[in-house]
Participant: 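Here it is: the structure, laid out below.
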Amino acid sequence: MNGRSSFLSADQLVGDYEQAVLGGVMVEAEAPTPESPPQLASDDFFAEHHRVLWGIVLGCLERGERPSITAVLQDLLRKRYELAQTLGY
């Protein structure tokens, strides 16, 4: 044995669960819709980058869009562009 633990840390487990939720929502045909929004808020996520992605998912739903991978990526890129403009880049 190499002396390293084979157990996952709590952070790793939480991250895995959060990724599963995000991926499932963006891929599944039965994902939340504007008519049946999810019961999670961005603050329910541990990792900051997952909070950002979940906020984008919720934004898609508020606009009446399905939160597909493409829609979330486009929104993320748009937000990045807007941030760069406000910083003067």
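The figures that follow rest on heavy atoms only: side chains count, while hydrogens, waters and symmetry mates do not. Values in this document were obtained by computation on a predicted structure and should not be read as measured data.
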Participant: Kindly say whether V72 contributes a backbone atom to a donor-acceptor pair with the side chain of D75 at under 3.5 angstrom?
Facilitator: no
Participant: Looking only at heavy atoms, what is the nearest atom pair of A71 and C60, with distance?
Facilitator: CB-SG, 4.1 Å
Participant: If hydrophobic clusters are built by linking Ile, Leu, Val, Met, Phe, Trp and Tyr wherever their side-chain heavy atoms come under 4.5 Å apart, do V52 and V57 end up in the same one?
Facilitator: yes
Participant: Report the relative orientation of the aromatic rings in F45 and W54; use parallel for angles under 30°, tilted for 30 to 60°, perpendicular for over 60°.
Facilitator: tilted
Participant: With a 4.5 Å limit on heavy-atom distance, are the side chains of R80 and L76 in contact?
Facilitator: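 Sidechains of L76 and R80: no contact.
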Participant: Nearest 0.5 Å, what's the CG-CD distance between L53 and E48?
Facilitator: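 Atom-to-atom, L53:CG and E48:CD are 10.0 Å apart.
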Participant: Nearest 0.5 Å please: distance from the CG atom of L58 over to the CZ atom of R63.
Facilitator: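 With rounding to 0.5 Å, CG (L58) is 10.5 Å from CZ (R63).
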Participant: Return the CD to CG distance between E18 and L40, rounded to the nearest 0.5 Å.
Facilitator: 9.5 Å
Participant: For residues 19-27, tabulate all N or O donor-acceptor pairs below 3.5 Å that involve a side-chain atom, not counting sequence neighbours.
Facilitator:
none

Participant: Give a yes or no on whether L73 and L61 share a hydrophobic cluster (residues Ile, Leu, Val, Met, Phe, Trp, Tyr; joining criterion: side-chain heavy atoms under 4.5 Å apart).
Facilitator: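 In one cluster with L73: L61, no.
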